[in-house]
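Report on the structure given below.
Below, chain A is the first sequence line, B the second, and so on; all start at residue 1. Keep in mind that what you see is a predicted model, and the values were worked out from it rather than measured.
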Amino acid sequence: MRQTPLFDAYSRHDARVVDFHGWALPVQFRGIVEEHLHTRESVGVFDCSHMGEFMLHGADAIAALDSLVIGDMVHLAPGRCRYTALLNGSGGIIDDCVALRLSPDEMYLVTNAGPLEKVSTLLAENVPGIVDCSEATAKIDVQGPLSRKLLMDLGFAAVAPVAYWRGGRVDWRGLEMIVTRAGYTGELGYEIFLPAEAAADLWALLLDDGLAIPCGLGARDTLRSEMGYPLNGEDVDESRTPLEGSMDRFIAWDSEFPGKARLLEMREGGDYERLTPLRSADRRAPRHGFEVFHGGEKVGAVTSGTFGPSLGCGVGLAYLRPDCAAPGTPLAAGPRGMEITATQAPVYTRGTCRVKLNQD
Amino acid sequence: MNPETLRFTEDHEWVGEENGLHVVGISDHAQHELGDITYVELPKVGAKLERHAKAAEVESVKAASDVYAPVSGTVAAVNAEIEVATELVNQDPYGRGWFFKLSDVQASDLDGLMDYAAYQAFCGEQ
């Protein structure tokens, strides 16, 4: 299995390590529920170094990326992030990713670990001069309402003005990093991209005073599930289009992208399944593969589900027939007819990610 | 209960005698493997359980699992406390995290179960 630059640090925190897309990553340290709640109430630190990073230079490269994804990359303003998706020729989702316009001339693209090899090849073949920085880059996510305080205490003064879905270069102790605020937990938080060789020192510093705790993939999954965000490979993949994946608002219909004709056709017809957040009536969770029923009729299937520690009930995502995807629709799931309801993202609404920051 | 006095199944249930009844729960190894327990469904008092039949259900954050009756018997009591405080199963699997108590248990049913040392070895080899 591949290891991130922080692998040696896991054992100091009692990590339970699992195979995630060929990477040896911690599923939990102290426990998923504790890590989840600590992130919601204080601050959690996640190793996301397995994810992919790419640097694009120049208008030609940015225009080439624009032609591969559903979003408008050309007109993305410097300092802003955009959630988007790379599509195959029939409009299927190869990967959902985040782009940051670093400057008028530069774009930074953050992709998932699962499809990384395919994405890397696709980008290398289609985007002139693109640089794959994945190997040389570590990614540490600092998430939670106290994340800003933690970073400021460590001298990250430059993160102070970074607003939600913004990012840029940050100089910290002479080290150049990229910092964004596009985290997947629903909380105020920062994603720090730094040279791999500096990752262990920063990781140790972040955890030094005990305010933050290390968090694993388990808590990351429960946090994103409570927000109703999809997980690549589980909720979205090449068999589904961005329309089915409920990414409508991220589609720039004025620009060209692979599979656009099919998406236009789908939009016209309107009769396609939609990825829909769910919540269950009790602490039981809808699970991957559970069939979903409405009035005794099968109307879809669950793609991911878990217990949501902040909500105290099960949460999940399912592809549902369009007439059953409206928030509030009562449904049943699984062999025992678990009571669930279609809802909307975010399922957990008290996240701090949109909080207005004091700029002092 | 002292785990060294209990008998264990390969499915990681334990059973031990207390005041004439047989108490059943899941092992420390099982709770550790499952992680944070978030939901428990217990059998009904009075239900007759066959050895190896499904008796209860546990869900952790990541997965759902069945709990089987380690021996045949009649459910004499259930631990309603763990339905609301599921973390007790994680914190005290041989004590406050017990699942149910059985009456009418045949002593010979216990013969096929592992003692603590054998169970420890079984978990180590898994």
Side-chain angles (χ1 to χ4, degrees), chain A residues 14-20 25-39 215-226 231 234 279-290 302 304-316 333-340, chain B residues 11-12 25-44 47 49 53-69 75 78-100 120 123-126:
Chain A
D14 243 358
R16 195 181 295 184
V17 173
V18 296
D19 181 347
F20 181 80
L25 291 171
V27 67
Q28 66 170 59
F29 294 91
R30 298 182 183 189
I32 294 173
V33 171
E34 182 179 347
E35 292 161 30
H36 175 112
L37 295 175
H38 195 90
T39 301
C215 300
L217 294 171
R220 196 167 178 82
D221 193 53
T222 53
L223 288 158
R224 72 95 196 164
S225 296
E226 283 189 336
L231 178 64
E234 192 118 332
R279 64 184 297 163
S280 58
D282 58 24
R283 293 170 65 88
R284 279 185 301 168
R287 303 287 178 185
H288 172 85
F290 275 16
V302 176
S304 70
T306 180
F307 174 70
S310 303
L311 293 164
C313 68
V315 286
R336 297 168 59 205
M338 170 192 302
E339 202 181 314
I340 56 169
Chain B
D11 294 319
H12 307 285
I26 65 168
S27 71
D28 185 54
H29 175 85
Q31 70 77 18
H32 186 259
E33 287 298 304
L34 286 165
D36 295 320
I37 308 267
T38 55
Y39 176 80
V40 178
E41 187 168 294
L42 297 168
K44 294 210 168 11
L49 299 179
K54 181 183 165 182
E57 196 174 310
V58 287
E59 283 197 17
S60 65
V61 176
K62 298 315 299 173
S65 310
D66 291 336
V67 176
Y68 303 99
V75 179
V78 296
N79 184 3
E81 197 178 14
I82 60 169
E83 290 180 311
V84 285
T86 52
E87 65 276 10
L88 288 174
V89 181
N90 293 112
Q91 292 164 0
D92 194 9
Y94 300 121
R96 291 178 69 193
W98 64 276
F99 277 53
F100 53 88
Q120 292 286 84
C123 291
E125 285 165 11
Q126 273 199 317

- prompt: Tell me, do A:Gln28 and B:Lys62 make a side-chain contact under 4.5 Å, heavy atoms counted?
  reply: no
- request: Check whether B:Ser60 gets within reach of chain A through its side chain, its backbone, both or neither, counting any heavy atom under 4.5 Å.
  value: backbone
Roughly how far, to the nearest 0.5 Å, is [atom2] of [Y] from [atom1] of [X]?
{"X": "B:Ile37", "Y": "A:Phe307", "atom1": "CD1", "atom2": "CZ", "value": "11.5 Å"}
{"X": "B:Asp36", "Y": "A:Glu35", "atom1": "CG", "atom2": "CD", "value": "8.5 Å"}
{"X": "B:Tyr39", "Y": "A:Ser280", "atom1": "OH", "atom2": "OG", "value": "10.0 Å"}

Minimal non-hydrogen separation, A:Ile32 against B:Val61, with atom names: CG2-CG1, 3.8 Å
message: Please check if the number of heavy atoms outside A:Glu339 that lie under 6.0 Å from its CD is greater than 12.
response: no
query: Counting only heavy atoms not in B:Asp66, do more than 12 fall under 6.0 Å of its CG?
result: yes
message: Whether the side chain of A:Arg284 engages the backbone of B:Thr38 through a donor-acceptor N/O pair (distance < 3.5 Å, no angle test) should be reported.
response: no
query: Does the pair B:Glu41/A:Arg336 count as a salt bridge with the N-to-O cut at 4.0 Å?
result: yes
task: Check each atom of A:Thr306 against the heavy atoms of chain B and say whether the ones under 4.5 Å are side chain, backbone, both or neither.
output: both
